[in-house]
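Read the numbers this way: they start at 1 and go in the same order the structure lists the ligands and their atoms. The model shown is predicted, which means the values in this text are computed figures rather than measured ones. All values below come from the heavy atoms of this structure, side chains included, with hydrogens, waters and symmetry mates left out.
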Amino acid sequence: MTVTHQDISTTNQWQALAAHAEELKGTHLRDLFGADAERGATFTAEAVDLYVDYSKNLVTDETLGLLVDLARAAGLPERIEAMFRGEHINVTEDRAVLHTALRAPRDATLVVDGQDVVADVHEVLDRMAAFAAKVRSGEWTGHTGKRLTTIVNIGIGGSDLGPKMATIALQPYADPDITSIFVSNVDGDDMAAALKGVDPEETLFIVASKTFTTIETITNAKTARTWLLDALGDGAAVAKHFVAVSTNAEKVAEFGIDTANMFGFWDWVGGRYSYDSAVGLSLMIAVGPDNFRAMLAGFHAMDQHFRTTPLERNVPVLLGLIGVWYRNFQGTATHAVLPYNQYLSRFPAYLQQLDMESNGKSVTLDGAPVTYQTGPVVWGEPGTNGQHAFYQLIHQGTQTVPADFIGFVHPADEVPGHHDLLTANLLAQTEALAFGKTPEEVRADGVPEELVAHKTFAGNHPTTTILAPKLTPSVLGQLVALYEHKVFTQGTVWNINSFDQWGVELGKVLANRITPELTADEAPSLTHDSSTNALIERYRAARRESTEG
Ligand SMILES: O=P(O)(O)OC[C@H]1O[C@](O)(CO)[C@@H](O)[C@@H]1O
């Protein structure tokens, strides 16, 4: 399928934004707040349970209007509909993009390529729920009759980051008798560390892989199977201790897992958009089917907001467009996500894949090189830890780092004296970043002249604050869907395919070529570049020395 669009950077809308950025040069957030006493109340929006304050961004009403014009020029409303309807917008793989169908309510229907995908989704959800309930109650036991209380998810990328992030996020909702472990890295140390002290008789392995060909996951799954069989001494144990999550029944059967113990999903779910599918089975076992469904309802509510709210008040659209503003018109290179909630410790890592694998692209949908910047580097850590590590650079470094601060009105546990202090830190940081401290204010504190420059805060560092009532399953779903649709908004403006990931392929191919060169008994004749050849030789020599010595 060939898609031809006008280069977005040659449109009048883009040019208008470029001119507007010139006009705004030198404007400080202090000026914007000084000129409009209501700004902190009006530059806000709500989506489901999330209150979003974007007033501390370097934008005016005019900026937002021009950005919305740009989104229209890029065809965003039409693209949103095309995605929800199941059109094959993933053009390089000729696939629909329907993660939104994963959380559609039971009574919805969506026929795509002749199939009611919502009915399929609920059929799998019901099977997952029945299985999860049996594991949780102890009705499903291991080979020797013991209850399975250690759940090991083996997967990588989207088959790991999502369920892991969410299992940590929803830990207060989890069954305390269940231990959730995630093994992803092909580094054997990951598996070895994970299985230390774990009782094979009580362990369930969930092998999660969309393709079931990912070398890391298959290698780890084989190691886990050997470990189990060594301990239990009976091949029949696999049926009770291994289940699979995949789109590839053939490969699952080839691996030796009965497809009766497989939970499926579909090629229209991208890996990084998949943890609300069967990929979330480990999460569902931990928190129970009801909490999982509450999370899906949160996702769905945000989907509805995204699909039906006018662009001007559409929160994922606004956040996406503000990101475009920084990336393309203010020259920023990174975007920080700073959750003030320890249970969201893996949220930035999850968003890294979601955003960077989706929008780390340099050609348009029709394969032409883009003439503008696309996805930023996404990174972050929970507050307040980050404050004592990298915030220095955000406050006083030489580059602008737009940041999302995510806070909650209520903590999971009301530990006296903590939550208000945590929230005060969030608010203090966004205030300090925006308004800084002038040299005059520093001097007024009695600071000696030679230190004034060092103690001055320029301010004007943009932030968005997302405030939610509490990190419930529903709110987690809302947050994830918010970022999914933000990424989609940006990918649409940039006219790139946010749903393929060809950039990961070359490294996989080369690793398959190098592996036998590292392990062959005979020195292989190496035809790589001189750096790679020398490293292979050095590694081989050192490995041989250590095994011979
Ligand atoms: O679920 P799978 O097929 O094992 O893939 C794992 C991950 O690998 C990738 O394809 C990248 O190599 C991701 O997009 C995906 O989430």
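- Around ligand 1 you find I156, G157, G158, S159, S209, K210, T211, T214, G271, Q353, E357, Q501, V504, K508, each with a heavy-atom distance below 4.0 Å.
- A centroid separation of less than 6.0 Å is found between the aromatic rings of F405 and Y340.
- In plain terms, the two heavy atoms of K361 and F499 that are nearest each other are NZ-N, 4.3 Å.
- The side-chain tip of R127 points at the ring of F263 from less than 6.0 angstrom away and within 45° of straight on.
- For A129, the side chain to side chain contact (heavy atoms under 4.5 Å, CB included) partners at least two apart in sequence or on another chain are M284, P289, R293.
- Taking the centre of each ring, F299 and Y275 come in below the 6.0 Å mark.
- A cation-pi arrangement is absent between R79 and F84, since the terminal nitrogen or guanidinium carbon is not both under 6.0 Å from the aromatic centre and inside a 45° cone about the axis.
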